[in-house]
Asker: 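One structure coming up, written as structure tokens, with questions to follow.
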Amino acid sequence: MAYHNLEHHNSTDILDKIQERDGQVYVLMFYSPGHQGGTHNAKTVEDERELIERVLKKHPSFHYAKINAADPNYKDLIETCGIVTTELHESPSVLIIEGGTGVW
């Protein structure tokens, strides 16, 4: 693997890391789970694969987390980052954070 998986179980785990201003780059992919076997799930898998190939494998120091926006344990993170969860029904959103500042 050419990047670091960011271990997390809730909003606090991620917010504590991304707000440290530790000089690290954090890549967060927010997604909304679709119906089992639907094209939405396939799109999320395809988008994640492309993110890994085109960005994460080329930057081994990056820290990556995939966040299920429907999980209530991530409500604070969703609100803090300004995620519009209804938009995630179309495709995932990716937030890249460096030095405590994020870009979409």
Side-chain angles (χ1 to χ4, degrees):
M1 183 169 10
Y3 56 91
H4 304 279
N5 270 316
L6 180 60
E7 289 211 26
H8 58 91
H9 303 286
N10 55 45
S11 291
T12 303
D13 291 344
I14 294 177
L15 287 169
D16 285 351
K17 277 295 191 191
I18 65 176
Q19 293 173 339
E20 280 181 3
R21 299 187 192 279
D22 58 4
Q24 300 296 319
V25 175
Y26 297 93
V27 179
L28 309 180
M29 185 177 102
F30 296 90
Y31 73 99
S32 176
H35 299 291
Q36 190 71 350
T39 58
H40 177 71
N41 286 336
K43 173 88 170 113
T44 298
V45 169
E46 177 185 325
D47 287 349
E48 182 180 31
R49 187 175 305 128
E50 188 171 336
L51 174 65
I52 290 169
E53 290 298 320
R54 297 178 85 192
V55 178
L56 297 173
K57 283 189 175 181
K58 294 178 181 178
H59 300 280
S61 64
F62 285 10
H63 298 264
Y64 174 66
K66 181 178 177 182
I67 298 110
N68 176 350
D71 185 333
N73 291 315
Y74 294 93
K75 183 177 184 261
D76 290 341
L77 176 65
I78 300 295
E79 290 176 0
T80 300
C81 293
I83 301 295
V84 179
T85 55
T86 55
E87 291 178 0
L88 300 176
H89 296 292
E90 298 298 320
S91 66
S93 289
V94 175
L95 175 61
I96 300 175
I97 301 152
E98 182 177 19
T101 304
V103 293
W104 295 100

Asker: With rounding to the nearest 0.5 Å, note down the distance linking CG in L77 to CG in L15.
Answerer: 5.0 Å
Asker: Give, for atom CG of D76 and atom OG1 of T12, the distance between the pair rounded to the nearest 0.5 Å.
Answerer: 6.5 Å
Asker: Quick one: side chains of residues 62-74, donor-acceptor pairs under 3.5 Å with protein atoms, not counting sequence neighbours, listed by atom name and distance.
Answerer:
{"from": "H63", "atom 1": "NE2", "to": "Q24", "atom 2": "OE1", "distance (Å)": "3.1"}
{"from": "Y64", "atom 1": "OH", "to": "E48", "atom 2": "OE2", "distance (Å)": "2.8"}
{"from": "K66", "atom 1": "NZ", "to": "E48", "atom 2": "OE1", "distance (Å)": "3.1"}
{"from": "N68", "atom 1": "OD1", "to": "A70", "atom 2": "N", "distance (Å)": "2.8"}
{"from": "D71", "atom 1": "OD1", "to": "N73", "atom 2": "N", "distance (Å)": "2.8"}
{"from": "D71", "atom 1": "OD1", "to": "N73", "atom 2": "ND2", "distance (Å)": "3.2"}
{"from": "Y74", "atom 1": "OH", "to": "H8", "atom 2": "ND1", "distance (Å)": "2.7"}
{"from": "Y74", "atom 1": "OH", "to": "N10", "atom 2": "N", "distance (Å)": "3.3"}

Asker: Quick test of your reading of the model: are K43 and D47 salt-bridged, counting only N-O distances below 4.0 Å?
Answerer: yes
Asker: Hey, could you give me the CG/CZ distance between L95 and F30, rounded to the nearest 0.5 Å?
Answerer: 5.5 Å
Asker: So which atom in D13 and which in H9 form the shortest heavy-atom distance, rounded to 0.1 Å?
Answerer: OD2-N, 2.6 Å
Asker: How would you list, by chain and number, every residue that makes a side-chain hydrogen bond (donor to acceptor under 3.5 Å, both in side chains) with R54, sequence neighbours excluded?
Answerer: E50
Asker: Where is the tightest heavy-atom contact between S11 and K75, given as atom of each residue plus distance?
Answerer: OG-N, 3.6 Å
Asker: Please report the interatomic distance CD(Q19) to CG(D16), rounded to the nearest 0.5 Å.
Answerer: 7.0 Å
Asker: With rounding to the nearest 0.5 angstrom, report the CZ to CG distance, R49 to L56.
Answerer: 14.0 Å
Asker: Would you name the heavy atoms of H4 and S61 that are closest together and state the gap between them?
Answerer: CD2-O, 3.5 Å
Asker: Identify the two heavy atoms, one from K17 and one from D22, that lie closest to each other, and give their separation to 0.1 Å.
Answerer: O-OD2, 4.4 Å
Asker: Just jot down the side-chain hydrogen bond (donor to acceptor under 3.5 Å, both in side chains) partners of E46, sequence neighbours excluded, or say none.
Answerer: none
Asker: Checking side-chain contact (heavy atoms from CB on, under 4.5 Å) between Y3 and each of V27, I52, V25, which is the one that passes?
Answerer: I52
Asker: At what distance, to the nearest 0.5 angstrom, does CD1 of I14 lie from CD1 of I97?
Answerer: 8.5 Å
